[in-house]
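Let me begin by presenting the structure, written as structure tokens, before commenting on it.
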Amino acid sequence: MADLKELAAALMRGDAPAVDKMTKEAVNAGIGVKQILDDGLIAGMQVVGERFKNNEIYVPEVLIAARAMYTGMKVLEPLLVKAGVKPVGTIAMGTARGDLHDIGKNLVSMMMRGNGFKVIDLGIDVSPQKFVEAAKEEGVNLIGMSALLTTTMPSMKATIDELQKAGLLKKVKVLIGGAPVTQRYAAEIGADGYAPDAASAVDKAKALLGM
Ligand code: B1M
């Protein structure tokens, strides 16, 4: 029986084999991918975040939970990614310089792929120069930046400044997100768009490309 609360609990204790099994069970039970993500994997990770914040658990436990989350995401990815669809746009995505968090970025990437975008994954700790190089690539019309630390948010501004200097802001739109990022911050640094979660990131990306 697929129980998303149990899935969240398995993720919280970092039990990757159980997360794998329960995610598959949830899929087989016909539960929607978004619901499995929201009420299972993301719900579990939110609790992990609270416990981490309250010093009830530490980095190793969080890492183990993150690994368990990937196990579940791996099961869901093929369901999100539709094969053979002509890309509706191409987004180069990365986590801001100095930032090693990649779960949110990967979720956004999965959702983008699932909605017909081609995603160029630049990885974590991406320098403004690397974003600029990616923006020059043929076909790239969106730059996606994720930041989870207040200390790495300024690198988003530095990237936009570099894109501006290189004359690339006419070619690409910039979309940003991540837990500490807000619409207000996006407006402040001159980003074209902000999204609070992976699903809205897709909507925003489409809107930015006039779809
Ligand atoms: Co870190 N960490 N962490 N961490 N970590 C946070 C972010 C923190 C809030 C925890 C806390 O104190 N409560 C805190 C940041 C405080 C701050 O700056 N305000 C923090 C800290 C302090 C740190 C370290 C400094 C800890 C230390 O070493 N002392 C360190 C920094 C390392 C570095 O980056 N240089 C660190 C390390 C780590 C781990 C490596 C252990 C691990 C990361 C593993 C990994 O990513 N592979 C980790 C984790 C897992 C977390 C928490 C617990 C969970 C983050 C996460 O994955 N959330 C986090 C606490 C929390 O957020 N509650 C925390 C789930 C994910 C789906 O959400 O990424 O927000 P999120 O993505 C969402 C949206 O934001 C949005 O869509 C996603 C899906 O809905 N979104 C976008 C994201 N990117 C987007 C881009 C878009 C649009 C939307 O457009 C392009």
Side-chain angles (χ1 to χ4, degrees), residues 8 11-12 14 33-74 76 80 89-115 117 119-126 131 134-135 140-156 159-160 172-183 185-186 189 191-209:
L11 185 145
M12 278 145 56
V33 177
K34 188 166 185 314
Q35 198 184 345
I36 302 173
L37 265 176
D38 288 349
D39 300 343
L41 303 181
I42 293 178
M45 190 49 92
Q46 261 161 5
V47 177
V48 170
E50 279 304 305
R51 291 183 179 166
F52 186 44
K53 190 171 162 189
N54 298 331
N55 294 320
E56 291 164 23
I57 58 169
Y58 299 96
V59 173
E61 286 99 320
V62 179
L63 266 181
I64 292 166
R67 273 182 214 145
M69 180 147 186
Y70 277 128
T71 313
M73 280 163 61
K74 225 169 147 184
L76 299 181
L80 284 166
T90 300
I91 181 164
M93 284 269 296
T95 334
R97 182 171 53 195
D99 208 314
L100 307 179
H101 297 84
D102 65 357
I103 297 173
K105 167 190 71 74
N106 291 343
L107 261 177
V108 173
S109 298
M110 277 164 58
M111 288 290 222
M112 291 281 179
R113 288 193 179 110
N115 282 274
F117 281 85
V119 178
I120 299 172
D121 187 355
L122 302 176
I124 51 175
D125 186 17
V126 181
F131 278 115
V140 172
N141 45 13
L142 277 167
I143 290 291
M145 283 188 277
S146 182
L148 265 288
L149 299 171
T150 43
T151 49
T152 57
M153 285 166 65
S155 175
M156 291 175 151
T159 300
I160 292 172
V172 295
K173 300 278 182 198
V174 180
L175 177 65
I176 65 171
V181 179
T182 59
Q183 175 59 56
Y185 184 70
I189 66 169
D192 299 290
Y194 156 78
D197 55 63
S200 343
V202 172
D203 295 341
K204 186 57 88 174
K206 285 183 174 168
L208 289 177
L209 297 181

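One-based numbering, in listed order, for ligands and for the atoms of each.
In plain terms, the two heavy atoms of F131 and M93 that are nearest each other are CE2-C, 4.4 Å. Minimum interatomic distance between Y194 and K204 (heavy atoms only, all atoms of both residues): O-CE, 3.4 Å. Considering all non-hydrogen atoms of both residues, L148 and G178 come closest at CD2-CA, 4.2 Å. The shortest heavy-atom contact between A66 and I103 is CB-CD1, 3.5 Å. When all heavy atoms are compared, the tightest approach of A201 to M112 is O-CE, 3.5 Å. The two residues M12 and R51 have their closest heavy-atom pair at CE-NH2, 3.7 Å.
Short contacts between ligand 1 and D99, defined as distances under 4.0 Å to a heavy atom of the residue, involve ligand atoms 34 (O). Within the listing of ligand 1, atoms 33 (C), 34 (O), 35 (N) sit less than 4.0 angstrom from a heavy atom of G98. Numbered from 1 in the order shown, with element, the atoms of ligand 1 that lie under 4.0 Å from a heavy atom of M45 read 58 (N), 65 (C). Residue V108 has at least one heavy-atom neighbour below 4.0 Å for each of these atoms of ligand 1: 77 (O), 81 (N), 82 (C), 85 (C), 89 (C). Listed by atom number, the atoms of ligand 1 under 4.0 Å from G144 heavy atoms are 91 (C). If you number the atoms of ligand 1 from 1 as listed, the ones under 4.0 Å from a heavy atom of I103 come out as 45 (C), 46 (O), 57 (O). Counting the atoms of ligand 1 from 1 in the order shown, those under 4.0 Å from a heavy atom of L148 are 7 (C), 15 (C), 69 (O), 70 (O). Against a heavy-atom cut-off of under 4.0 Å, L149 is close to the following atoms of ligand 1: 15 (C), 18 (O), 20 (C), 21 (C), 23 (C), 31 (C), 33 (C), 34 (O), 35 (N).
Residue contacts with ligand 1 for M145 involve N, CA, C or O but no side-chain atom from C-beta outward (heavy atoms, distance under 4.0 Å). Under 4.0 Å from ligand 1, the heavy atoms of V62 that appear belong solely to its side chain. Only the side chain of L107 comes within 4.0 Å of ligand 1, judged by heavy-atom distances. Residue-level proximity to ligand 1 for D197 is carried by backbone and side chain together, each with a heavy atom below 4.0 angstrom. Neither the backbone nor the side chain of S200 has a heavy atom within less than 4.0 Å of ligand 1. At a heavy-atom cutoff of 4.0 Å, ligand 1 is contacted by the side chain of A201 but not by its backbone. Counting heavy atoms closer than 4.0 Å to ligand 1, residue I176 contributes backbone atoms (N, CA, C, O) but none from C-beta onward.
Rounding to the nearest 0.5 Å places CE of M73 at 8.5 Å from CD1 of I42. Taken to the nearest 0.5 Å, the CG atom of L11 stands 12.0 Å off from the CD1 atom of I64. Distance check, rounded to the nearest 0.5 Å: CD of E50 to CD1 of I57 gives 10.5 Å. The distance from the CG atom of D121 to the CG atom of N106 is 6.0 Å, given to the nearest 0.5 Å. For the atom pair NZ (K206) and CG (L208), the distance works out to 12.5 Å, reported to the nearest 0.5 Å. The OH atom of Y58 lies 8.5 Å from the CD atom of E61; values are rounded to the nearest 0.5 Å.
Note that atom 52 (C) of ligand 1 has no protein non-hydrogen atoms nearby, at separations under 4.0 angstrom. Distance check on atom 59 (C) of ligand 1: every protein heavy atom falls at or beyond the 4.0 Å cut-off. The protein does not reach atom 8 (C) of ligand 1 closely, with no heavy atom under 4.0 angstrom from it. Note that atom 81 (N) of ligand 1 has protein non-hydrogen atoms nearby, at separations under 4.0 angstrom. Within a 4.0 Å radius of atom 24 (C) of ligand 1, the protein has no heavy atom.
For the pair D125 (side chain) and L100 (backbone), a donor-acceptor distance under 3.5 Å is absent. Side chain of D197 to backbone of S200: a donor-acceptor contact under 3.5 angstrom is found. D99 places a side-chain N or O within 3.5 Å of a backbone atom of H101 that can act as its donor or acceptor partner.
Between E50 and ligand 1, no pair of N/O atoms sits closer than 3.5 Å. Residue L100 places at least one N or O, backbone or side chain, under 3.5 Å from an N or O of ligand 1. Residue-to-ligand polar distances keep Q46 apart from ligand 1: every N/O pair is separated by 3.5 Å or more. An N or O contact shorter than 3.5 Å links A198 to ligand 1 by distance.
Nearest protein heavy-atom contact of atom 84 (N) of ligand 1 is S146 OG, 2.7 Å. Counting only heavy atoms of the protein, atom 45 (C) of ligand 1 lies nearest to D102 OD1, 3.4 Å. Shortest contact from atom 40 (C) of ligand 1 to any protein heavy atom: L63 CD2, 3.9 Å. Counting protein heavy atoms only, atom 26 (C) of ligand 1 is closest to F52 CZ, 4.2 Å. Nearest protein heavy-atom neighbour of atom 44 (C) of ligand 1: A66 CB, 4.1 Å. Atom 12 (O) of ligand 1 has its closest protein heavy atom at K53 CA, 4.3 Å. The shortest contact between atom 27 (C) of ligand 1 and any protein heavy atom is with V59 CG2, 4.3 Å. When only non-hydrogen protein atoms are considered, atom 61 (C) of ligand 1 lies nearest to G49 CA, 4.2 Å.
Within the 4.0 Å heavy-atom shell around ligand 1 one finds M93. Contact analysis puts A195 in contact with ligand 1, with a non-hydrogen atom separation below 4.0 angstrom. Using a 4.0 angstrom heavy-atom cutoff, P196 counts as in contact with ligand 1. In this structure, V48 falls outside the shell of residues with a heavy atom less than 4.0 angstrom from ligand 1.
Contact check for L107 versus L41: no side-chain heavy atoms found under the 4.5 Å cut-off. Considering only heavy atoms from C-beta on, V48 stays 4.5 Å or farther from M69 through its side chain. The closest side-chain heavy-atom distance from Y70 to D102 is below 4.5 Å.
When S109, P180, A191, G104 are ranked by how near their heavy atoms come to atom 68 (O) of ligand 1, first place goes to G104.
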Original post:
Between V181 and M145, does a side-chain contact (heavy atoms from CB on, under 4.5 Å) hold up when you go through it step by step?
Top reply: CA-CA 10 Å; V181 179; M145 283 188 277; over 6 Å; no

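Each of I189, T182, T159 was scored for a side chain to side chain contact (heavy atoms under 4.5 Å, CB included) with I176, with one residue passing: I189. For the pairing with I160, the side chain to side chain contact (heavy atoms under 4.5 Å, CB included) check across I143, V174, D192 returns one residue only, V174.
For atom 1 (Co) of ligand 1, the nearest N, O or S atom contributed by H101 is named NE2.
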